[in-house]
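Written below as structure tokens is the structure these notes are about.
Numbering of ligands and ligand atoms starts at 1, following listing order. Quick note: numbers below take in every heavy atom, side chains included, and nothing from hydrogens, waters or symmetry partners.
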Amino acid sequence: MYHEKMTEASSTQQESPAAQQVTGLEQEYLLQNYSRYPIVVHRGKGCYLYDINGKRYLDLIAGIGVNALGHAHPRIIRVIRAQAALLMHCSNLYYHEYQGPLAKKLAEVSGLQRTFFSNSGTEAVEGALKMARGHGGKISPDKFEVISLDNSFHGRSLGALSITGQPKYRKDFEPLLPGVRFVPRNDVAALEAAFSERTACVILEWIQGEGGIYPLTVEYARRARELADQYNALLIFDEIQCGVGRPGKYFAYQLAEPAVMPDVLVAAKPIACGLPLGVIVANERAAAGIGPGMHGATFGGGPLACRVALEFFEILDGMLPHIHHVGGCFRQELSELGRHFSFIKDVRGYGLMIGMELDIPGKQIVLDGMAQGLMFNCTHDTVLRFLPPYIITEPEVDKAIQVLTRILKKI
Ligand SMILES: Cc1ncc(COP(=O)(O)O)c(C=O)c1O
């Protein structure tokens, strides 16, 4: 009963003529691949978004982990304006002033040496797969297998889909790349059994994002490191969702002490604060897998995105303790809710990457949140996912918890 009423309330939000015009045009002219929530977003400021009708939402999803500094951050606006007036694109035929300094910064914060710039996470995954093929191919033509995890998500191109361990994304596009072995997360024996001389790489999300915010254990990651060394394979960490400050460290593999170093790191989402930019960062051994002419991208690493990313890292350098602290508060308050509502099964995550697992579907709660001015989403059907901007404050977290409590009480 409650759900029916709330669905009605949330679906009426966008029925203004301006909203109808937007949704009507999309229905007529766009590929119908997205099932969008009924909100037309117009602008953002700080941790808030405003829809086309002027309604305000506290943004706890940040464009699925992209808007790390919230919306309309003054320092980001300033560098975009300055760089847009100077040079937006020049292609990778030439040098510009920002790729080198950004790659140096990435080397400093990651402990890896060489960067390739792409436009998205998927593209970074594709490049990393090519790097692994290049690495394996130099050793033996049979060394091309990839080990990946059940329940993982690495993107939607054919290569990235081939190593994504969720049948719902793969089923319409098979056959995909051969030589991929899926193993269950945190099962050391299964990982050991999957490795062989044919293994070119193993790719792991330190915290599975789309799969429902499931972290790896440190022991598992360390064993993956040992096995990759033993079989001369590459260890690739996909930190597209879980990295670049979100866990309260630059990268999630730094949560372990000492860090479990990958050979290759792929990252994207927050790096250029909403401009498309992905990175592959590799040690020398892995980077040798890609020689001259073997890879490239027209837009990758343009001056605008790279300059914004440099500014982002300058801001992020001072923010990691805040992310750790405010993320801890958020997780604690969500866990507290878990003591009051029996349908909450678990609260997990690191820093500002938090999942609340329910034993009921989460979609209606997301719609109810929107009706009450709160934006988050649900992944894997039953996991409410919170990826707020890094600038979120404790009072904003408290406010979110108040609203969420109100919603959950009605269930
Ligand atoms: C872990 C992970 N890998 C890869 C991707 C694909 O990145 P993109 O959507 O930027 O292509 C995503 C996107 O959500 C992701 O979460």
Side-chain angles (χ1 to χ4, degrees), residues 31 33-36 61-68 116-132 146-166 168-170 173 176-177 180 182 185 201-216 221 224 235-247 251-253 255 262 264-281 297 299-302 305 308-309 312 349-355 376-380 383 385-388:
L31 209 63
N33 57 318
Y34 294 117
S35 61
R36 299 196 203 278
I61 189 69
I64 322 186
V66 169
N67 302 106
F116 172 83
F117 293 109
S118 68
N119 303 290
S120 67
T122 301
E123 240 192 280
V125 168
E126 286 292 328
L129 286 177
K130 282 175 73 177
M131 196 177 268
V146 180
I147 300 175
S148 183
L149 294 186
D150 290 337
N151 198 43
S152 56
F153 183 83
H154 296 291
R156 292 171 182 271
S157 62
L158 287 176
L161 262 188
S162 302
I163 58 162
T164 286
Q166 298 192 54
K168 70 177 177 197
Y169 294 114
R170 303 159 51 90
F173 304 102
L176 292 163
L177 281 185
V180 183
F182 290 103
R185 178 188 62 251
C201 72
V202 51
I203 181 161
L204 306 172
E205 287 167 87
W206 192 281
I207 308 166
Q208 288 186 337
E210 299 301 308
I213 320 292
Y214 288 103
L216 292 186
L235 176 61
I236 304 174
F237 285 155
D238 178 342
E239 297 239 4
I240 288 163
Q241 191 161 146
C242 68
V244 207
R246 188 156 291 284
F251 298 104
Y253 62 82
L255 288 165
V264 183
L265 154 73
V266 286
K269 289 183 183 283
I271 289 185
C273 301
L275 295 181
L277 185 65
V279 296
I280 306 171
V281 195
F299 290 109
V308 168
F312 166 65
Y350 289 97
L352 286 170
M353 178 172 188
I354 309 174
F376 51 94
N377 92 333
C378 174
T379 187
H380 223 59
V383 181
R385 176 170 50 173
F386 302 98
L387 304 170

Next on the checklist: Is there a side-chain contact between Arg246 and Pro388 in this structure, where contact means two heavy atoms from C-beta onward sitting under 4.5 Å apart?
Outcome noted: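 They are in side-chain contact.
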Checklist entry - Is the shortest heavy-atom distance from the side chain of Ile207 to the side chain of Tyr350 under 4.5 Å? => result yes
Next on the checklist: Applying the side-chain contact (heavy atoms from CB on, under 4.5 Å) criterion to Glu205, which one of Arg185, His154, Glu239 satisfies it?
Outcome noted: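 For Glu205, the side-chain contact (heavy atoms from CB on, under 4.5 Å) test succeeds with only one of Arg185, His154, Glu239, which is His154.
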Checklist entry - Which distance, rounded to the nearest 0.5 Å, do you find between the CG of Asp238 and the CG of Leu204? => result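 Interatomic distance, Asp238 CG to Leu204 CG, rounded to 0.5 Å: 9.5 Å.
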Next on the checklist: Tell me whether the rings of Trp206 and Phe237 are parallel (<30°), tilted (30 to 60°) or perpendicular (>60°).
Outcome noted: perpendicular
Checklist entry - Contact residues of ligand 1 with a heavy-atom cut-off of under 4.0 Å? => result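 Ser120, Gly121, Thr122, Phe153, His154, Gly155, Glu205, Glu210, Asp238, Ile240, Gln241, Lys269.
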Item to check | Non-neighbouring partners of Glu210 that pass side chain to side chain donor-acceptor pair (under 3.5 Å), sequence neighbours left out | outcome: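 So Glu210 forms a side chain to side chain donor-acceptor pair (under 3.5 Å) with Gln241, Arg385.
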